[in-house]
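Start at 1 with the first residue, then count along the sequence. The basis for the numbers below is simple: all heavy atoms, side chains too, and nothing from hydrogens, waters or symmetry mates. Atoms within a ligand are numbered from 1 in the order they appear, just like the ligands themselves.
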Amino acid sequence: MLFLRSSCPQLGVCPRKPFRVLPTLRVQSTREMTDNPTSDPSLRKLIIAIDGPAGAGKSTIASRLARKLGYANLESGAMYRALALKAIEKDASFDDEATLVKLAEESRIQLEPSRDGNRTLLNGHDVSARIRERDVTEAASRVSVHPKVRAWMVAHQRAMGAGGGVVMEGRDIGTKVFPDADLKIFLDADPVVREQRRMQQQKIKGEVAANVAADLRERDRRDRTRTASPLMAAEDAVVIDSTSMGEDEVLAQVEELARKKLGD
Ligand code: DC
């Protein structure tokens, strides 16, 4: 169970919180947003990890699945993006691990799942759109290579998801954040198809599209080859190759796996 943002004081401890939450992060419950509000509350609340490279469709699948199950959808990449934005604002080097960790500790990063998608707040400001821009996207990939930055992120992500009832997506959720997750999905797709999907999503063509594709390839390379928690499927993950699958088809497959875990 997660708690409602409005029920908690600014930086303090939420009086009704069911698990310990590190003070800089607050997460809104999506229970009230579910498409299935009559679902039995006594059902076990799973931790579902969805990992994979950029453009494989993780975000869409994770948010649709979370909505179907009445779970919170936590996008771990948004946290790396928020820290990257903070580093840009403070003119900090993306290679300076100690400064980045200090910035993380000083920042208040909030993930707020909502019906219209996740909102990300940095020190109270809505940065949801800003963190999708090209400079932040590139910086997020660079700040995420540092082991101490990752340790800070992982600790907070664990605290957020510990109560279950979450679909958390990222690169290392099944391998590092929740190695005991109830269900692990590794969603992959052919690199060319992923690039094409990104271009369609962003409605871009020509040189701009070529630049986005090149960025995506470079981030992929960095995510897969970094020493600290490189992108890889957990041994017990269900690998889904969505290259020639539609979004609904992938969702149906993932939902079926989740329902099996719930004993439905
Ligand atoms: O999922 P995304 O594209 O928003 O992630 C932004 C960057 O953050 C990406 O380059 C890899 C990094 N990341 C990570 O290293 N581990 C995660 N669990 C999530 C994201």
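- Heavy atoms of other residues, nucleotides or ligands lying less than 6.0 angstrom from NZ of Lys86 number more than 12.
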Are Arg221 and Glu218 close enough, and set up right, to give a salt bridge (charged side-chain N to carboxylate O under 4.0 Å, His left out), and what steps lead you there? CA-CA 5 Å; Arg221 188 201 58 75; Glu218 173 55 18; 2.8 Å; yes

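- Counting protein heavy atoms only, atom 9 (C) of ligand 1 is closest to Arg171 NH2, 3.5 Å.
- Checking only distances, Glu169 never comes within under 3.5 Å of ligand 1, N or O to N or O.
- Which parts of ligand 1 touch Arg150 is read off a 4.0 Å heavy-atom cut-off, strictly below it: atoms 14 (C), 15 (O), 16 (N).
- Looking at Asp51 and Lys184, no side-chain N of the basic residue comes within less than 4.0 Å of a carboxylate O on the acidic one, giving no salt bridge.
- In terms of protein heavy atoms, atom 11 (C) of ligand 1 is closest to Asp223 OD1, 3.4 Å.
- For the pair Ser76 and ligand 1, the shortest N or O to N or O distance falls below 3.5 Å.
- For a threshold of 3.5 Å applied to N or O pairs, the pair formed by Asp172 and ligand 1 contains at least one separation below that value.
- Looking at atom 6 (C) of ligand 1, its nearest protein heavy atom turns out to be Arg81 NE, 3.7 Å.
- Of the protein's heavy atoms, Ala140 CB, 3.9 Å lies nearest to atom 7 (C) of ligand 1.
- The residue from Gln253, Arg194, Arg197 that alone fulfils the side chain to side chain donor-acceptor pair (under 3.5 Å) condition with Ser242 is Arg197.
- Less than 4.0 angstrom separates some heavy atom of Arg219 from each of these atoms of ligand 1: 3 (O).
- The pair Asp182-Lys261 does not meet the salt-bridge criterion, since no charged nitrogen lies less than 4.0 angstrom from a carboxylate oxygen.
- By the criterion of a heavy-atom distance under 4.0 Å, both the backbone and the side chain of Ser141 are placed next to ligand 1.
- Nearest to atom 8 (O) of ligand 1 among the protein's heavy atoms is Tyr80 CB, 3.6 Å.
- Here Glu255 pairs with Arg259 in a salt bridge; the nearest charged N to carboxylate O distance falls below 4.0 Å.
- Remark: minimum distance from atom 5 (O) of ligand 1 to any protein heavy atom is reached at Gly77 CA, 3.6 Å.
- Considering only residues two or more places apart in sequence or on other chains, Lys102 meets the side-chain hydrogen bond (donor to acceptor under 3.5 Å, both in side chains) condition with Glu106.
- Contact annotation: for Arg226 versus ligand 1, heavy atoms closer than 4.0 Å belong to the side chain alone.
- With respect to Arg217 and Glu195, a salt bridge is recorded, a charged nitrogen being found less than 4.0 Å from a carboxylate O.
- Remark: minimum distance from atom 12 (C) of ligand 1 to any protein heavy atom is reached at Ser144 OG, 3.6 Å.
- The ligand atoms of ligand 1 that sit less than 4.0 angstrom from a heavy atom of Gly170 are 18 (N), 19 (C).
- Between the side chains of Arg132 and Thr137, no donor-acceptor pair of N or O atoms lies under 3.5 Å.
- Identified under the side-chain hydrogen bond (donor to acceptor under 3.5 Å, both in side chains) test for residues 201-214, with sequence neighbours left out: Arg198-Gln201.
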